[in-house]
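One structure is given below, encoded as C-alpha cells.
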Amino acid sequence: MSEWAPALMFVALFALLFLGVPVSLSMAGIAFAAGAYTLGGAAGQHLWTVTADVARNQALTAVPMFVLMGFLLARSGIAERLFSALQLVMRGLPSGMALAAITMCGVFAAATGIVGAVEVLVGLMAIPPMMRSGYSKPLIAGSICAGGSLGTIIPPSIIVVVYASVADMSIGDLTAGILIPGLMTMAAFAGYIMLHGWLKPQDAPRPDTSEFDRMSSGQKAKLLVSGILPVAALIVVVLGSILAGVASATEAAAMGVIGAVVLSALYRVFNVRNILDACRDTVKISVMILLVVLAGTMFTSMFILVGGASAVLNLIESLQLSQGQLVFAMGLIIFVLGYPFDWVTIVLICVPIFQPLIVAHGIDPLWFGVLALVIMQTSYLTPPVAPSIIYLRSIAPPEMTYRDMTRGVLPFLACQIIVIAAVAWIPSLATFLPSALTRF
C-alpha cells in the first residue's frame with residue numbers, strides 16, 4: 001500500500017478538485033490523511049512544524065504588500081489617466097487602442113504584480129471604447145487576455161516572490177532574470193497587434209480622435225505627464241530598488257504602497273472608504289494566496305515523506321533522460337498542470353520535487369525558474385480552460401463569445417512559443433541581467 005501512497009495522493013487531489021472542493025482544503029485534507037496513515041499520532045506535530053516554517057518565511061510578507069499596492073492604484077484614478085495618455089500617444093499607430101490596452105496591462109503588471117486583477121481592470125476600461133470603435137471581437141479578446149497574462153512575468157510579480165521563496169532562491173535574481181523575457185513577450189504581443197492592424201485595418205478602425213484634436217499642446221502635455229509619469233516613477237522605485245539590491249521585496253512593496261497612497265492624495269480620491277475597501281480586498285486575496293501556500297507546503301511535505309520525491313527521482317533515473325529531455329519533461333508537466341491548478345499550486349507541487357532533479361543534472365536553477373514562469377504564463381492563456389478566458393468572460397459583453405476569445409488568444413500563444421524557444425535555446429536571456437547586476 002505504501003508504494004502507491006504518492007500516486008494515491010494525486011488521484012485524491014484531482015478527485016476532490018473535480019468535485020468542486022477548494023484547492024487549499026483539498027491539499028490540506030489529503031496532507032492530514034497521508035500524515036495519519038504514515039506517521040500516526042505524530043502527523044499533527046509534523047504539520048504544525050510545516051505551518052511554523054511557512055509563517056516564518058519573511059519573503060511571503062511581500063505578498064499582501066504588493067496586493068495592497070495594486071488595489072490602492074486601482075482606486076487612485078491613475079488607470080483612467082494612463083489609458084487616455086496612451087491613446088493620445090498611440091492614436092496614429094495601427095490597432096492603436098489595442099496597443100494602448102496591452103501597454104497599459106504591461107505597465108500595471110509592473111506596478112502591481114497581481115495576476116487576473118490587471119486583466120479585469122484594463123478590460124473594464126478598454127473593451128467598451130474598442131467595441132464602439134468597431135474593433136473585431138477576437139482582437140479585443142486576445143489583446144486583453146494576453147495583456148492580463150503579463151502579470152505572471154512582468155516584475156515585480158507575486159508569482160516570482162512565491163517561486164523564489166519555495167525554491168530558496170534570491171527574489172532579486174529571479175526578478176532580474178524574468179525582466180528580459182517579460183519585455184520580449186510584451187514586445188512580441190505589441191508587434192503582432194500592430195501587424196494585425198496593418199494587414200487587416202477593418203479589424204481595427206481608427207477611433208474618433210476629435211477629443212484629442214481639440215486639446216491644446218499644454219493640455220496634451222498635462223495629460224501625458226499626469227497619466228504616465230506617476231506610474232513610471234512608482235515602477236522605478238519599486239522595481240529599481242529590488243534590482244539594485246537596496247531593498248527587499250517586502251520593503252520595495254511597502255514603498256509602493258506609500259507611493260499609491262500619495263497618488264491617491266494627489267488625485268484627490270484619498271478617503272477612508274477607498275482605503276478600507278482596498279484593505280478588505282487585500283485581506284481576502286492575501287488570505288486566499290497564503291492559505292494555498294500553506295496547504296500546498298503541507299501537501300508536498302507529506303508527498304516527500306511518503307516517498308513521492310524518491311519515486312520521481314528513481315523514475316527519472318530509470319528513463320535515463322538527457323538534460324534537454326528532462327527540462328522538456330518538467331516544462332510539459334508544468335504546462336499540463338496549468339489546466340486544473342492555479343499558479344500557486346503548480347509552484348508548490350512542482351518546485352520541491354523538481355529542485356533535486358535540477359541540481360542533480362547540473363541545470364541552472366535561475367534559468368529553469370525563468371523558463372517555468374514563462375511556461376506558466378503560456379498555460380494561463382491556453383484554451384479550453386485558460387484562466388485568462390475565465391477572467392475575461394466575467395467582464396465581457398454578451399456579444400463577445402467563447403469562440404471569439406479562443407480565436408483571439410491563439411496568435412498570442414504563437415508569440416509565447418517563440419519566447420519559450422528563445423529562453424530555452426539562449427539561457428543568457430535569463431541569466432545575463434542577474435549576473436551583470438551582481439558584478440555591478
Side-chain angles (χ1 to χ4, degrees), residues 59 62 66 102-103 105-113 115 118 147 149-191 231-253 255-256 323 327 330-331 334 343 347 351 354-355 358-359 362-378 415-440:
F66 277 123
I102 205 161
T103 303
C105 285
V107 171
F108 263 77
T112 66
V115 178
V118 172
S149 74
L150 293 171
T152 309
I153 59 171
I154 295 290
S157 170
I158 294 175
I159 298 180
V160 170
V161 174
V162 175
Y163 189 105
S165 64
V166 174
D168 196 22
M169 297 170 57
S170 164
I171 295 176
D173 285 347
L174 191 56
T175 298
I178 197 63
L179 183 58
I180 292 177
L183 293 176
M184 287 174 57
T185 303
M186 188 171 174
F189 288 170
V231 70
L234 191 64
I235 292 171
V236 170
V237 170
V238 175
L239 183 56
S241 60
I242 295 175
L243 295 179
V246 299
S248 67
T250 305
E251 292 166 342
M255 289 189 288
Q323 189 181 85
V327 170
M330 292 189 295
I334 290 172
W343 62 266
V347 169
V351 173
F354 289 171
Q355 279 301 105
I358 292 170
V359 173
I363 300 169
D364 187 338
L366 175 60
W367 168 70
F368 182 80
V370 171
L371 186 63
L373 291 172
V374 179
I375 292 172
M376 274 189 274
Q377 183 201 8
T378 305
C415 296
Q416 287 284 157
I417 293 171
I418 293 172
V419 174
I420 290 175
V423 174
W425 285 102
I426 312 174
S428 59
L429 291 173
T431 59
F432 168 76
L433 189 56
S435 61
L437 291 173
T438 300
R439 290 194 300 269
F440 179 78

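The figures that follow rest on heavy atoms only: side chains count, while hydrogens, waters and symmetry mates do not.
Nearest heavy atom pair, residue Ala422 against residue Met184, reads CB-CE, 3.9 Å. Smallest separation of non-hydrogen atoms from Pro181 and Val419: O-CG1, 4.0 Å. Taking every heavy atom of both residues into account, Leu174 and Gly369 meet most closely at CD1-C, 4.2 Å. Shown here for Gln416 and Val374, the closest heavy-atom pair between the two residues is NE2-O, 3.8 Å. Heavy atoms only, all atoms of each residue included: Ser241 and Met255 are closest at OG-CE, 3.4 Å. Scanning all heavy atoms of the two residues, the minimum distance from Ala430 to Leu366 falls at O-CD2, 4.1 Å.
Trp367 contributes no side-chain N or O that, together with a main-chain N or O of Gly177, makes up a donor-acceptor pair within less than 3.5 Å. A donor-acceptor distance shorter than 3.5 angstrom exists from the side chain of Ser170 to the backbone of Asp173, with no hydrogens or angles considered.
Note that CG of Leu371 is 11.0 Å distant from CG of Asp364, once rounded to the nearest 0.5 Å. With rounding to the nearest 0.5 Å, the separation of CD1 in Ile102 from CZ in Phe189 is 6.0 Å. In this structure, Ser149 OG and Ile154 CD1 are separated by 9.0 Å, a value rounded to the nearest 0.5 Å. Put simply, CG on Leu179 and CG on Leu429 are 11.5 Å apart, with the number rounded to the nearest 0.5 Å. With rounding to the nearest 0.5 angstrom, the CD1 atom of Ile178 is 11.5 Å from the CG atom of Leu433. The distance from atom CD1 of Ile420 to atom CD1 of Ile375, rounded to the nearest 0.5 Å, is 5.0 Å.
Proximity of Ile363 to Met330: side-chain heavy atoms (C-beta onward) are separated by under 4.5 Å at one or more points. Side-chain contact check for Met186 versus Ile153: every heavy-atom pair is 4.5 Å or farther apart.
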List the steps, then state whether side-chain contact (heavy atoms from CB on, under 4.5 Å) holds for Gln377 with Leu150.
CA-CA 7 Å; Gln377 183 201 8; Leu150 293 171; 3.9 Å; yes
Between Ile334 and Phe354, does the side-chain contact (heavy atoms from CB on, under 4.5 Å) criterion hold? Intermediate values first, please.
CA-CA 10 Å; Ile334 290 172; Phe354 289 171; 3.9 Å; yes
